[in-house]
Amino acid sequence: MKPETILMIILIISVITYVFDQVLDYINLKAQRKDIPKEVEAFYNKEKYQKSLDYQRDQTRFSFLTAAFSFLLSLGMLVFGGFGWVDGVLRPFIQHEIALALVFFGVIMTASDIITIPFQWYGTFVIEARYGFNKTTIRTFITDKLKGYVLGSLVGGALLSLLMYLMKVIGPDFWIWFGLVAAGFILFINMFYTSIILPLFNKLTPLADGELKTAIEVFSLKANFPLDNIFVMDGSKRSAKANAFFSGIGKKKKIVLYDTLINNHTTEELVAVLAHEVGHFKKKHIIWSYLISIVQVFFVLFVLSKMVFNENLSIALGGSQQAIHLNLIAFGILFSPISGITGLLTSMLSRKNEFEADAYAKETFDGNALANALKKLSVDNLSNLYPHPIYVFFHYSHPPLLQRLAALKQQAS
Ligand SMILES: [Zn+2]
């Protein structure tokens, strides 16, 4: 395929993706409703409900702006051969192919992050602050960025170097070997995320003795889930929003409760949330999502192996000769419609898993307590109560609140 044709396809994919996302955002915004659903009436007054509508409107409008900015920026880079130009500037100084790729991605990613810092800043310190969510200090914002840079360049750099090395010594069959490495890497991250990566950004403390711990002890004995794996995280360091999640595989499994969650919920509600998280483990959601992500990685690498040695991809991006790093960028865009579809399928599976974990919490603990916790979470986070079904279909990893409440009511207890 000629470079001009490849560039045309890349541009068409970029434009369609952009327009599609904006249309989804727009219809979701138009789906807002003024009436408070019966289910959460007790938690909302008119004023607070209006605040949640305002929050969603502000967020969507801001995302229109950031999406337009990023779209124009990447469109400009593509049309004017910006990626090829950066490659051409760096090439005379760096002979080594892998070193060149590392510096290339370092420059592109750092530049794109720095350019978008004003937007990240506005999102955190203006919009989130306006609705009382932001707790991030300027100091935390800066240290987060620096830690992110260091972590990203170490991990990303190591993986990219290995990928390119395998491409060089093995050729088109590299995908099998790098797939095995990636599978091991994902497993490692899954197992050690809460013990290595999370502590770089947050403080995790084992749940302290008290009423909550006693209540959890009773539940975990019944559910046969070890108690020493429950941690409290200082989520309040960054945001007033609350959350809980499950992480890890096998002996490394952990449940993390945000301190903001603990502060705003009763013991019953917290045990119900915990029961939901244990449900993800008991229903084998964790192990399945790991296996699915490995299949996905092999698939991506296989398709990559068919395209990454094609010189015309580099030339389409404005390069003067074949460069793996230019081809990787071109591949990223060309593959995005397919990854959009696999993403859609994983979201569908994830929503199904949420219903199952809710059902588990109802069976083993208390459906009403979980319903109350979900309502409070939704209200405290000013979540959208009437997201458009099409928007949910494409973007939601969790079912909307009203659907979860209806399912909890229906399931036989
Ligand atoms: Zn869940």
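Just follow the structure's listing: the first ligand is 1, and inside any ligand the first atom is 1. Treat the numbers as computed from the prediction; the structure is a model and nothing was measured.
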Visitor: Restricting to under 2.8 Å, identify the protein N, O or S atoms around the Zn ion (ligand 1) as residue plus atom.
Guide: His276 NE2, His280 NE2, Glu354 OE1, Glu354 OE2

Visitor: Test Lys352 against Glu356 for salt bridge (charged side-chain N to carboxylate O under 4.0 Å, His left out), laying out the working first.
Guide: CA-CA 6 Å; Lys352 181 185 89 66; Glu356 284 184 15; 2.7 Å; yes

Visitor: Look at the side chain of Ser293 and the backbone N and O of Ser289, then say whether any donor-acceptor pair between them is shorter than 3.5 Å.
Guide: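 The answer is yes, because a donor-acceptor pair under 3.5 Å joins these two groups.
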
Visitor: Is it the case that the ring center of Phe331 lies less than 6.0 angstrom away from the ring center of Phe335?
Guide: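 Between Phe335 and Phe331, the centre distance is under 6.0 Å.
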
Visitor: Got a list of side-chain donor-acceptor pairs under 3.5 Å for residues 72-81, not counting sequence neighbours?
Guide:
from  : atom 1 : to    : atom 2 : distance (Å)
Ser74 : OG     : Ser70 : O      : 3.2
Ser74 : OG     : Phe71 : O      : 3.3

Visitor: So if I apply the side-chain hydrogen bond (donor to acceptor under 3.5 Å, both in side chains) rule between Asp234 and each of Thr260, Asn202, Thr205, which one comes out positive?
Guide: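 Of Thr260, Asn202, Thr205, side-chain hydrogen bond (donor to acceptor under 3.5 Å, both in side chains) with Asp234 is met by Asn202 alone.
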
Visitor: For the aromatic rings, using the six-membered ring if either is Trp, is the centroid distance between His280 and Phe246 under 6.0 Å?
Guide: no

